J.: 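The structure under discussion is supplied below as structure tokens; questions concerning it will follow.
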Amino acid sequence: MNLQQKIYKKLLEVPKGQITTYGDLAKAVGLKNGQRVVGQIMNKNPHPVIIPCHRVVMSTGKIGGYAYGEHVKTRMLNDEGIQIENGKIVNLKDTLYRF
DNA sequence: CGGCTGGCGTCGT
DNA sequence: TACGACGCCAGCC
């Protein structure tokens, strides 16, 4: 199974209303410091819309990037009940999903 | 709080 | 097939 298939599968475990970080997702698939790799794969995203890549944020609390634009990502997260302020997650620890 | 460096899979040459 | 550059970060200074 390809790495992106693992990431894609793991990401689907994240329920609506909860999010994860690039680092955690990377570790979930067996990578130590694969944060950037995860982000890169999300960008290449082989299955747009099917993969909720908008539920993946940076460990610093910032939204991070998004293939369709950060504002779109922010809007989707807000729609799932996640509080965002000035481009950052307000209660990251509270909305963070644990694998 | 801002900036620089580390570290790893993919893509292109 | 092999090597180098790049990218929706993370962590330390």
Side-chain angles (χ1 to χ4, degrees):
Chain A
M1 187 181 285
N2 289 333
L3 183 61
Q4 62 178 259
Q5 287 297 307
K6 291 182 182 177
I7 295 174
Y8 149 79
K9 186 176 181 181
K10 281 293 177 184
L11 186 54
L12 289 180
E13 288 182 26
V14 182
K16 180 179 179 181
Q18 286 187 277
I19 58 179
T20 186
T21 65
Y22 294 97
D24 284 357
L25 191 58
K27 289 180 181 177
V29 296
L31 294 177
K32 292 182 180 181
N33 305 329
Q35 328 87 331
R36 310 186 69 178
V37 181
V38 173
Q40 184 178 166
I41 292 178
M42 296 314 274
N43 186 22
K44 301 301 178 183
N45 202 327
H47 306 288
V49 199
I50 300 178
I51 302 179
C53 48
H54 60 278
R55 289 182 189 160
V56 186
V57 299
M58 301 198 292
S59 65
T60 58
K62 294 182 180 180
I63 301 303
Y66 190 59
Y68 299 114
E70 293 181 45
H71 54 94
V72 177
K73 182 174 181 177
T74 302
R75 184 175 171 176
M76 295 179 87
L77 290 175
N78 265 303
D79 188 59
E80 297 197 356
I82 296 175
Q83 304 292 314
I84 299 176
E85 191 173 297
N86 298 326
K88 303 167 220 163
I89 305 294
V90 178
N91 45 355
L92 178 63
K93 177 174 80 73
D94 190 59
T95 56
L96 191 60
Y97 174 75
R98 302 196 176 190
F99 291 105

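The shown structure was predicted, so the numbers you read here are calculated from the model rather than taken from an experiment. The chains referred to below are lettered A, B, ... by the order of the sequence lines, with proteins before strands, and numbering in each begins at 1. Only heavy atoms go into these numbers, but all of them, side chains included; no hydrogens, no water, no symmetry mates.
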J.: Does any N or O in the side chain of A/Lys73 come within less than 3.5 Å of the main-chain N or O of A/Val56, such that one atom is a donor and the other an acceptor?
T.: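 Flag set: sc A/Lys73 to bb A/Val56 pair under 3.5 Å.
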J.: Name the closest nucleotide to the A/Gln40 side chain, picking from C/dG7, C/dA10, B/dC8.
T.: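 Minimum distance to the A/Gln40 side chain belongs to C/dG7.
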J.: Rounded off to whole Å, could you give me the CD1-to-P distance for the A/Ile63 and C/dC9 pair?
T.: 12 Å
J.: Checking side-chain contact (heavy atoms from CB on, under 4.5 Å) against A/Ile89, which of A/Ile82, A/Thr60, A/Leu96, A/Thr21 comes through?
T.: A/Ile82
J.: To check you understand the geometry: which heavy-atom pair defines the closest contact between A/Lys62 and A/Val57, and what is its length?
T.: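 In terms of heavy atoms, the two residues are closest at O-CB, 3.6 Å.
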J.: Quick check: on DNA chain C, is the nucleotide nearest A/Lys27 upstream (toward 5') of the one nearest A/Cys53, or the reverse? Name the residue that is more 5'.
T.: A/Cys53
J.: Starting at atom CD of A/Gln4, determine the distance to atom P of B/dC8, rounded to an integer number of angstrom.
T.: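 Between P of B/dC8 and CD of A/Gln4: 20 Å.
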J.: Using whole Å, report how far NZ of A/Lys62 lies from P of B/dG3.
T.: 9 Å
J.: Rounded to the Å, how far apart are A/Lys6 NZ and B/dT10 P?
T.: 10 Å
J.: Have a look at A/Gly23 and say if it touches a base, only the backbone sugar-phosphate, or nothing, with a 4.0 Å heavy-atom cut-off.
T.: sugar-phosphate
J.: Would you kindly give the CD1-to-P distance between A/Ile7 and B/dC8, to the nearest whole Å?
T.: 15 Å
J.: Run A/Lys10 and A/Glu13 through salt bridge (charged side-chain N to carboxylate O under 4.0 Å, His left out) and show every step you take.
T.: CA-CA 5 Å; A/Lys10 281 293 177 184; A/Glu13 288 182 26; 3.5 Å; yes
J.: Over how many whole Å does the gap from A/Ile41 atom CD1 to B/dT10 atom P extend?
T.: 5 Å
J.: Is the phosphate of C/dA10, meaning OP1 or OP2, less than 4.0 Å from a side-chain N or O of A/Ser59?
T.: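 For C/dA10, OP1/OP2 do have a side-chain N/O of A/Ser59 under 4.0 Å.
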J.: Atom CG of A/Asp24 and atom P of C/dG11: how far apart are they, to the nearest Å?
T.: 9 Å
J.: Rounded to the nearest angstrom, tell me the gap between atom CE in A/Met58 and atom C1' in C/dG11.
T.: 13 Å
J.: Is A/Lys32 touching bases, backbone alone, or none of the nucleic acid, heavy atoms closer than 4.0 Å?
T.: nothing
